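Some notes on the structure that comes next.
The basis for the numbers below is simple: all heavy atoms, side chains too, and nothing from hydrogens, waters or symmetry mates. Remember, predicted model here, so these are calculated numbers, not experimental data. When a ligand or atom number is given, it counts from 1 through the structure's own listing order. Index from 1, following the sequence.
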Amino acid sequence: MKKYILSIDQGTTSSRAILFSKDGSIEAMSQVELQLIYPHQGWVEADPLEIWISVVNVVNEVLIKGNITWKDIDSIGITNQRETSIVWDKKTGKPIYNAIIWQSRQSSEICGKFDSKKLIIHEKTGLLINPYFSASKIRFILDNVKGAQKKAEDGELLFGTIETWLIYKMTNGKHHYTDTTNASRTMLFNIHTLSWDKELLEIFNIPSKMLPEVKPCNFDFGAATYFDKRVHILGVAGDQHASLFGHNCFNVGECKNTYGTGCFMLMNTGDKPVISNNGLLTTIAWDLNGKVTYALEGSVFIGGAAIQWLRDGLNAIKTAPDSDECACRVSSSDGVYVVPAFVGLGAPYWDDDVRGSMFGITRSTTRSHIVRATLESIAYQSKDVFELMEKESGYQIPSLQVDGGATGSKVLMQFQSDILQIDIKKPMCLEQTALGVAYIAGLKSGFWKNLDEIKCCHKYKEIYNPKISKEDAEHLCDGWEIAVKATREFKFR
Ligand code: ADP
């Protein structure tokens, strides 16, 4: 009988369920959009029950779409938006506050209070103090829900990131587990000792009783009794980590970049954590049977969002895919540079105060030049992170695996290859995140026997090779460097 792995991909704006066959292809997929809640400027929350119900709905729907029953499911993998935090009552299972989404800035002030601890936090967790990570979000909930701190100390509350919440609901409250990758994003987990860190828990005054047990990514997280008790959850990983695995970046120095709203680049650094002094994060790539692989991570704040700005802010294009058609009307950006520092610049600049700019405009500059320069800006920013990653890790990245919505732009992909002077490889399956966690679950169950079988599933849809010389690439990049420098000097507001 043909069997499938069911992957659940719980993201910020949607939940997806996907059935994968043994050859790594998608048999069926179901998706629902999620409502985000914005209680105040900069705050982003969601209803944890809506998240759970959305998962129930997509799982039920994907079985109908695939015309299969639970008997046909080998096992389940869960991948999720990271850092988003939920606290619920141990007795009733009811959340005491909304899920605080990773993007939310509501705990910025709390983070400010821990600034003096930034070195120790960085050393132990590989992270920088920032409201993105879970610790300050938990602190926010315990500070703002009446009686919560005391209840947490009395062992009456549980904390979880999204995968923990889903495991808890799917096992009807039996298991309170997380996996090592998600734990590594909480700012409470020591990535060297692979355990919750007592000193960090004291710093943030978070009772250890509320934390889930940390397990490897390919652990048996329990029977999904809510759906069918015969089917077990055998793979769990945060979204960017699952994507790195989906891309088959199994060797040291291999790297993927996801071009979504922002860009997320992760590089496999093997069994040793590389601690960055220039703003890259150190994180756990995956943990299989307790054998940990580490990764370096760098992000670009404005990736595909720059294309949204062309569409919604400038009305320069009607839809995101139109950007290529418009850019192709000219053969180059003709010296125009766009620096989309709309919310500051991340690695390697880390400049919060800088704002976007445009350079090199003449009477003959057209909409097409600006659209092209905006697409190119995504590639330049990714190049900055890429070069920093090579420098800090000491590895030379042989080629770059890519995914995410903005890889729909052939202009962007070709330009990325041109300025990096390496091959850019876009896989056949665009759901690398869901596929990655399917691989992890399927390796555990024996659905796939080993990594070699998985490598056979990995096929490319498009490969881009550099089409310009190294000298021309360097010349273009020199222009970008000057544009960024000038942008950072302009601080008039
Ligand atoms: P996220 O997971 O962050 O929501 P997605 O991977 O769904 O992001 O990608 C959406 C982003 O990709 C949007 O910012 C959009 O502007 C951009 N995008 C989508 N299609 C294209 C395209 N053909 N060309 C350029 N950008 C695109």
In terms of the angle between their ring planes, are Phe227 and Trp52 parallel, tilted or perpendicular, with boundaries placed at 30° and 60°? tilted
With sequence neighbours left out, the residues meeting ring pair (Phe, Tyr, Trp, His ring centres under 6.0 Å) with Trp102 are Tyr132
Can you tell me which residue among Trp165, Phe219, Tyr168 is in a ring pair (Phe, Tyr, Trp, His ring centres under 6.0 Å) with Tyr177? Phe219
Partners of Tyr380 by side chain to side chain donor-acceptor pair (under 3.5 Å), sequence neighbours excluded? none
Short N-O contact, Glu387 and Lys383, less than 4.0 angstrom: yes
Select all protein residues for which some heavy-atom-to-ligand 1 distance is less than 4.0 Å, and list them by chain and number. Gly260, Thr261, Gly304, Ala305, Ile307, Gln308, Ala320, Pro321, Ser323, Gly404, Gly405, Ala406, Gly408, Ser409
Does anything in residues 430-443 form a salt bridge (charged side-chain N to carboxylate O under 4.0 Å, His left out)? List the pairs, not counting sequence neighbours. Arg16-Glu431
